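Keep in mind the model is a prediction, meaning the values are calculated, not measured.
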Amino acid sequence: MYRQKTCRPSGTSEASLYGVSGEIRINEPMSRHTSWRTGGNARRYYLPADLEDLSVFLQKLPIDEPVYMVGLGSNLLVRDGGLPGTVIAAHARLNDLQILDRDQTGGLVYAGAGVACAKVARFAARNQLVGAEFLAGIPGTIGGALAMNAGCYGTETWQLVEQVRVVNRSGEIGLRMPDAYTIGYRSVKLKTESYNQSEWFAGAYIRLESGDESESREKIRRLLALRVSSQPLNKPNAGSVFRNPPGNHAARLIESCGLKGSQIGGAIVSIKHANFILNTGHASAKDIEGLILMVKDKVEQETGVALIQEVRIIGAAGRGT
């Protein structure tokens, strides 16, 4: 399935050590790259020039080096102690977005993992392709949407996917079909039990139907208006903190336990939408994680429902511990 990439000419400075053209930063503050606007530093932060550059970089990394793929950081909490390994910044780097084929019935769109979901929705509408409008309501990248089967307003990412491009820890690039994964609500898992390498989504091939551009744009406008009216977007947040339990809503359960407005340090449960935790301006990652755990424990004690986190928490404990 995979093809091994060959090295390209060296870049300069730190990048020259890895023979890549992308940019490498040392001790990069992750508060600049997560929507909660808090958290510690990444020991190494790499912005690939493109997918080929990323392949070369991965080949050169020590095999035991921890690697984290990050898009817009909209579903991510980095602990205050930071990340000991390397962060790969996909946003605006793995950014191919094009129509590969087109006929009267529809078209096949390729979107790189670093492309913002909202950009894909607008691109599709502009090209008279429909079905991707819901992506406008997802505050992340295609890579993140693939990894968690992100969705909103009744549609999920993998309903559109024809195949995906992936890159593994050895820098090998390949393709996988949807049937290679077990796909569920906010859950995507590779079925191959014997596969023991880390692997990340590099892009998606999305099949869309032909439709009316103005109707598609109007649908996007309505979805965004609904998002603005129902979600607290005026403070740094990471979207929904917990998955909705079967037949219920996490926000409803949190609110029923009287947790709206609950606060630890600079982190607060939103009054507008109880499944959002906001950074009021000075929250540490420890504040936010503590509030997540407090909400989870309280809901389980009072309702018997064990909420499952939708946000990913990574890194080492640090400041304030």
Would you check if there is a donor-acceptor pair between the side chains of T86 and E65 at a distance under 3.5 Å?
yes

Any heavy-atom pair between the side chains of R165 and Y205 that's under 4.5 Å?
yes

What's the spacing between T155 OG1 and L160 CG if we round to 0.5 Å?
7.5 Å

When rounded to the nearest 0.5 angstrom, what distance separates CD1 in I183 from CD in Q159?
10.0 Å

Does a side chain donor of either Y46 or D53 reach within less than 3.5 Å of an acceptor in the other side chain?
yes

Just by distance, no angles: are the side chains of R169 and S198 close enough, under 3.5 Å, to form a donor-acceptor pair?
no

For G315, is there any backbone N or O sitting under 3.5 Å from a side-chain donor or acceptor partner on R79?
yes

Counting neighbours of NZ on K219 that are heavy atoms of other residues, nucleotides or ligands and sit closer than 6.0 Å, is the number greater than 12?
no

Taking the side chain as every heavy atom from C-beta outward, state whether E215 and I220 have any pair of such atoms under 4.5 Å apart.
no

Sidechain-backbone polar pair: Y185 side chain, N244 backbone, donor-acceptor under 3.5 Å:
yes

Hey, does the side chain of N41 reach the backbone of G82 with a donor-acceptor pair shorter than 3.5 angstrom?
no

How far does CZ of R93 sit from CG of D50, to the nearest 0.5 angstrom?
10.0 Å

Quick check: does any side chain N or O of D287 sit under 3.5 Å from a backbone N or O of G266, one acting as donor and the other as acceptor?
yes

Is a side-chain N or O of S229 found less than 3.5 angstrom from the main chain of L226, in a donor-acceptor match?
yes

For the pair Q98 and V109, evaluate side chain to side chain contact (heavy atoms under 4.5 Å, CB included) and give the outcome as yes or no after the intermediate values.
CA-CA 6 Å; Q98 58 183 310; V109 173; over 6 Å; no

Of all the heavy-atom pairs spanning I138 and C152, show the shortest one and how long it is.
CG1-SG, 4.1 Å

Taking it one step at a time, do E199 and R176 satisfy salt bridge (Lys or Arg N to Asp or Glu O under 4.0 Å)?
CA-CA 11 Å; E199 179 177 286; R176 289 196 188 275; 2.9 Å; yes

Joint hydrophobic cluster, I314 plus M148, side-chain heavy atoms closer than 4.5 Å
no

Please confirm whether F134 and Y153 have ring centers closer than 6.0 angstrom.
no

How long is the span from the CZ atom in R102 to the CG atom in L208, to the nearest 0.5 Å?
9.5 Å

Do R252 and E255 pass the salt bridge (Lys or Arg N to Asp or Glu O under 4.0 Å) test, and can you show the C-alpha distance, the side-chain angles, and the key distance before you say yes or no?
CA-CA 5 Å; R252 182 183 301 152; E255 183 174 357; over 6 Å; no

Is there a donor-acceptor contact under 3.5 Å from the side chain of S170 to the main chain of E172?
no

Note: R207-D101 ion pair, threshold 4.0 Å (strictly below):
yes

Find out if a path of hydrophobic residues (ILVMFWY) with successive side-chain heavy-atom gaps under 4.5 Å connects L253 to I277.
yes

Worked verdict on V305 versus E300 for side chain to side chain contact (heavy atoms under 4.5 Å, CB included):
CA-CA 5 Å; V305 178; E300 187 166 9; over 6 Å; no

Is any side-chain N of the basic residue among R43 and E28 closer than 4.0 Å to the acidic one's carboxylate O?
no

Output yes when a side-chain donor or acceptor of S74 lies under 3.5 Å from a complementary backbone atom of S35, and no otherwise.
no

Quick one: do E23 and R25 satisfy salt bridge (Lys or Arg N to Asp or Glu O under 4.0 Å)? Show the steps, please.
CA-CA 7 Å; E23 179 183 355; R25 303 174 187 172; 2.9 Å; yes

Residues pairing under side chain to side chain donor-acceptor pair (under 3.5 Å) where one sits in residues 131-143, two or more places apart or in two chains, turn out to be E133-S216

Heavy atoms only: give me the nearest H273-P232 pair and the separation to one decimal.
CB-CD, 3.7 Å

The residue among I264, D297, I313 that forms side-chain contact (heavy atoms from CB on, under 4.5 Å) with I292 is I313

Nearest heavy-atom neighbours spanning N237 and G239:
OD1-N, 2.9 Å

Could you check whether any side-chain heavy atom of Y45 comes within less than 4.5 Å of a side-chain heavy atom of I88, counting everything from C-beta outward?
no

Give a yes or no on whether the backbone of W36 and the side-chain of N279 come within a donor-acceptor separation of less than 3.5 Å.
yes

Could you tell me whether the side chain of W158 reaches within less than 4.5 Å of the side chain of V188, counting heavy atoms only?
yes

If only atom types and distance count, is the side chain of N275 paired as donor or acceptor with the main-chain N or O of A250 below 3.5 Å?
no

Would you say the side-chain atoms of T157 pair up with the backbone N or O of N149, donor to acceptor, closer than 3.5 Å?
no

Any non-hydrogen side-chain atom of H91 less than 4.5 Å from a side-chain atom of V70?
no

Rounding to 0.5 Å, atoms OG1 (T34) and CD1 (I288) come to a distance of 8.0 Å

Contact check, side chains of S262 and I268, non-hydrogen atoms, under 4.5 Å
no

Quick one, V166 and W200 - any side-chain contact, counting heavy atoms below 4.5 Å?
no

So which atom in Y110 and which in G112 form the shortest heavy-atom distance, rounded to 0.1 Å?
CE2-N, 3.9 Å

In terms of hydrophobic clustering (I, L, V, M, F, W, Y; side-chain heavy atoms under 4.5 Å; direct or indirect links), are V130 and I206 co-clustered?
no

Taking atom CD of E162 as the centre, does the number of heavy atoms from other residues, nucleotides or ligands within less than 6.0 Å exceed 12?
yes

Using the side chain to side chain contact (heavy atoms under 4.5 Å, CB included) rule, take E209 and T105 through it: C-alpha gap first, then chi angles, then the decisive distance, then the call.
CA-CA 6 Å; E209 296 180 358; T105 64; over 6 Å; no

pair V161-L146: side-chain heavy atoms closer than 4.5 Å:
yes

What do you reckon, are the aromatic ring centroids of F201 and Y181 less than 6.0 Å apart?
yes

Residues R227, L233; criterion side chain to side chain contact (heavy atoms under 4.5 Å, CB included); working and verdict
CA-CA 9 Å; R227 180 169 177 251; L233 305 179; 4.0 Å; yes

At their closest point, which heavy atom of K272 faces which heavy atom of Q231, and how far apart are they?
NZ-O, 3.4 Å

Hydrophobic clustering (ILVMFWY, side-chain heavy atoms < 4.5 Å, transitive) - are V241 and L307 grouped together?
yes

Would V56 and V67 show up in the same hydrophobic cluster when neighbours are defined by side-chain heavy atoms closer than 4.5 Å?
yes

Tell me which donor-acceptor pairs under 3.5 Å the side chains of residues 118-129 have, and how far apart each pair is, sequence neighbours excluded?
from	atom 1	to	atom 2	distance (Å)
N127	ND2	F123	O	2.8
Q128	NE2	R126	O	3.0
Q128	NE2	E213	OE1	3.1

How far does CG of L278 sit from CZ of R37, to the nearest 0.5 angstrom?
14.0 Å

Using 30° and 60° as the class boundaries, would you call the ring planes of F57 and Y18 parallel, tilted or perpendicular?
tilted

For a quick test of reading the model, state the closest non-hydrogen atom pair linking G171 to S55 and the distance between them.
O-OG, 2.5 Å

